[in-house]
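Inspection log for the structure reproduced underneath, given as structure tokens.
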Amino acid sequence: MAGYRLLIKPSAAKEIEAVGSKRDRQRIVGRIRSLATEPKPPGSEKLAGPAALFRVRQGDYRVIYMVDDAHRIVEIIKVGHRREVYRAP
């Protein structure tokens with residue numbers, strides 16, 4: 001099975017850089033890389049709404065992403081602490 005291409009929005013990259021500890025950042029990046037081989041891993045959930053948005057947990061942080069199966073792309077939309085990631089901007 002061929003992998004998916006990862007795209008990270010610039011705003012999501014800034015959110016990753018803003019994560020408090022280096023250890024948490026490394027874990028989040030590792031989780032994001034794993035989405036390239038398995039975009040809908042066990043534990044991922046589809047978010048409500050018309051868009052094909054999913055979320056995956058990594059400790060107290062959440063990664064919100066979109067999967068395009070036709071083009072085999074996973075786009076990271078938002079990364080943040082669980083208490084803040086779902087709030088509207």
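Keep in mind that the numbers below use all heavy atoms, side chains included, and drop hydrogens, waters and symmetry copies. Everything numeric here is computed off the predicted structure, so don't read it as measured data.
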- [ ] Sort out for me which residue in L53, V74, I76 forms a side-chain contact (heavy atoms from CB on, under 4.5 Å) with M66.
- [x]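 Filter result, single survivor: L53.
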TODO: Take V29 and Q26 through the side-chain contact (heavy atoms from CB on, under 4.5 Å) test and state the conclusion after the steps.
DONE: CA-CA 5 Å; V29 169; Q26 289 174 337; 5.9 Å; no
Open item on the list: Between Y4 and L35, is there a side-chain heavy-atom distance shorter than 4.5 Å?
Closed with: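 No; the side chains remain at least 4.5 Å from each other.
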- [ ] Rounded to the nearest 0.5 Å, what's the gap from CG on L7 to CD on E75? Could you check?
- [x]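 One gets 5.5 Å once the value is rounded to the nearest 0.5 Å.
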Scan the side chains in residues 8-21 for donor-acceptor partners under 3.5 Å anywhere in the protein, sequence neighbours excluded, and list what turns up.
from, atom 1, to, atom 2, distance (Å)
E15, OE1, V79, N, 2.8
S21, OG, D24, N, 3.2
S21, OG, D24, OD2, 3.1

- [ ] Verify, without hydrogens or angle tests, whether H81 (side chain) and R83 (backbone) share a donor-acceptor contact under 3.5 angstrom.
- [x]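 Judged by distance alone, yes, a pair lies under 3.5 Å.
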Name each donor-acceptor pair under 3.5 Å that joins a side chain in residues 40-49 to protein atoms two or more places apart or in another chain, with its distance.
from, atom 1, to, atom 2, distance (Å)
K40, NZ, D69, OD2, 3.0
S44, OG, P41, O, 2.9
E45, OE2, R55, NH2, 3.3
K46, NZ, A51, O, 3.2

Open item on the list: Can you pull out every side chain to side chain donor-acceptor pair (under 3.5 Å) where at least one residue sits in residues 57-66? Sequence neighbours excluded, please.
Closed with: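 Checked against side chain to side chain donor-acceptor pair (under 3.5 Å) - neighbours excluded - the pairs reaching residues 57-66 are R31-Q58.
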- [ ] Consider only side-chain heavy atoms of I, L, V, M, F, W and Y, link residues closer than 4.5 Å, and tell whether L6 and I73 are in one cluster.
- [x]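 Cluster IDs for L6 and I73 differ.
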